[in-house]
Amino acid sequence: MTTNAENGFSPEEKLRLIKRNLQEVLGEAELKKILQEKDLKVYWGTATTGRPHIAYFVPMAKIADLLRADCEEVLGEAELKKILLEGKDLKVTILFADLHAYLDNMKAPWELLQHRATYYECLIKAMLESIGVPLEKLKFVKGTDFQLSREYTLDVYKLTSLVTEHDAKKAGAEVVKQVEHPLLSGMIYPLLQALDEQHLSVDAQFGGVDQRKIFTFAEKYLPQLGYKKRIHLMNPMVPGLTGDKMSSSDDSSKIDLLDSEAQVKKKVKGAFCEEGNISNNGVLAFVKYVILPLSQNHEFVVQRSDDHGGDAVFTDFDALEKAFEDKLVHPGDLKPAVAKCLNILLEPVRRKFDTPEMKKLVSQAYPPPSKKKGPKGGAAGGESELSPSMLDLRVGRINDVKVHAEASALYVQEVNLGEEKPRTVVSGLAQVVPLDDLKGRLGVFLCNLKPRTIQGTPSQAMLLCAAQEEPAKFEPLGPPEGSAPGDRVYIDDYAVGEPEAELKPKKKIWEKLQVDLVANGDSIVEWSGHQMKTKLGPVTCRSLKNVSIK
Ligand SMILES: N[C@@H](Cc1ccc(O)cc1)C(=O)O
C-alpha cells in the first residue's frame, strides 16, 4: 500500500487531525492502536427530522478531517472502481437515521420519512461537495436499509432483554425529546443507535457531546451481546448565532442552508456578538469550527477599511479570539467577514436546490402547514394548524401588586410589558404566592388572550406559573437573567411568524397548547419537549419539577 506525499500522514498526525476541535474521545488508547495498524472506520449519524441548518457544517468539517486522516491511499482507478462497486472499504460512513427520526416521538411522521431521508441526503451531499469533500470517498447508508434485517432485529430483541428501563431512559435523555408521557419508541432509540455501530462494522462513532449518554450506553451493552466496544469521538456543542446551543430555531437567527445571500447577511448581522465578549459567541465559534478548518490556505480574513486598521489576517483561532477580546477586531467587521465566508459555502448548495425537482422535494419533505392538517399540534415544524407560535408570550415586570379589594384570592398587578402603558393583570395567586415574591420581579405573560373582566377588574394578560397539585404549590415562570420587559418568549423550533393578534376563546388555542406545557425534571419549561426560551436562554421555574404550567 502506497501513500502519496501529501497524504502520507504518520499515525501521530492522523491522531492530531482526528482529535482537533473535539471535546472528548472515549477509547483513545484503542484509537492510537488502530491508527498504528490501519485506517479508522468511523460513522456519523443524523436523524432525518427538521430542516438541517448551518450548524451542520460543524460535523461536516470534522468529516473532512476524518477523511483526510483516512490516509487517502493512492488507488488505481480500477481499484477504486472495485471498491466503489462493492461499497466496502470506505472508511467514513454517513448514516441517515430515518427510523430514529420516527422513533423520536415521530419528529418525522411515517408518511414523510422517505422524503425527509432523501432531502437530508441531497442536502448533506451538497454541503460536502461545497466544502470539497469527494463524495466517492464516503459511504452513505439509510437506517431502514439495514435495521430491518433478521439479524439486526434479533439483536434488538436480545438487547431489550439485557437493558433496564432505567438505562434506556437515561441514555436517551439528551437526545430523545422528553415528553410528559414518554413512549416506548424513545427507549428503543438508544438500543438501535448502539447496534448501528456493530452492524455498520465501524471502529468508532462520531457525534456531538449531546450523544455522550448513548455512547456510554453502547460501550456498556455491546460487549454483553459479545460485540466489541467502540471508540467515541465527540464534538462540543457549538453556540448558535444567538448565543445558545445551535439546535435551536429562533427564526431570526437560525440560518437555513437554502437561505438567500441577503437573508444570511441579515441574520449574521443580528447575531449575538458583543464587542470584547468571547463567551457564547456563535460568530467566533463558526470561524473556529468551520471556516478555519475548511480554509484551503488556513486563513480567515477580516476585511477592513484603512481607517479601521486595514485587513486583518488570522491563521489560528486563538489569535482571532484574543484580538476580539482585546477589542482589536470589532463585531461590525467580524460579522460581514463571516457572512461572506458563509455565503461562499452556501452558494453551491443553493444552486443545487434551484431546480424544479429539488423544490418539489423540499415541499414534499416539509409540506407547508396549509397542505397538511395534523391530528393535533404535536408534530414538529408547523405541520398542523395548532402551533405554539400563535401565543404572544412576553417577559413582563410586575411593577406593583395589590390584593383585590373584593376578592381575597386575587392579586391585581400592574405589569410593564415593554409597551407604552403597563397592563393590568388579575391572577388567582393571592393565597398561594406571597405578595413580596411578585413585586418587582420578571415573569412570563401570555399577552393575546381576549381581555376578561374578573370581579369587576379588567385583566389584560396572564402570568404563567408552574403548578404542583399535591401539595398545591405555584411558582411564576422566570425568564433568563438579563431579560427585559417586552422580550419575546417562544417555543424552540416554533418561533415562526407573528403570534395571533387575539386568541379566539372558542378555538381554545391556549387550553389545547397548555396541555403539553410542563416544567421538566430540571425545572426548565417545555412544550412537547421543546424548550420555552428567549434570546438569552431557557425559561425556568425556581424549584418545581415535572409539573404542568398554568
Ligand atoms: N442520535 C443522533 C442520530 C443518530 C441515530 C442513529 C445512529 O446510529 C447515529 C446517530 C441524533 O441526535 O441526531
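For ligands, and for the atoms within them, numbers begin at 1 and follow the listed sequence.
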Contacts of type ring-ring contact (aromatic ring centres under 6.0 Å, His included), residue Tyr120, not counting sequence neighbours: none

Considering only distance and modelled atom types, tabulate donor-acceptor pairs under 3.5 Å from the side chains of residues 25-37, sequence neighbours left out.
unit_1, atom_1, unit_2, atom_2, d
Glu28, OE1, Lys19, NZ, 3.4
Glu28, OE2, Lys19, NZ, 2.9

Within 45° cone and under 6.0 Å: Lys125 NZ/CZ vs Phe140 ring: yes

Residue shell around ligand 1, heavy atom under 4.0 angstrom: Tyr43, Gly45, Ala47, Leu95, Ala97, His100, Val175, Tyr189, Gln193, Asp196, Gln205, Gln211

Could you pull out all residues at least two apart from Ser483 that satisfy side-chain contact (heavy atoms from CB on, under 4.5 Å)? Val395, Leu442, Pro479, Pro480, Asp487, Thr534, Leu536

State plainly whether the residues Glu12 and Arg16 are in salt-bridge range, i.e. N to O under 4.0 Å. no

For a ring-ring contact (aromatic ring centres under 6.0 Å, His included) check, start with the C-alpha distance between Tyr119 and Phe353, then their side-chain angles and the critical distance, and finish with the verdict. CA-CA 10 Å; Tyr119 178 76; Phe353 274 78; 5.8 Å; yes

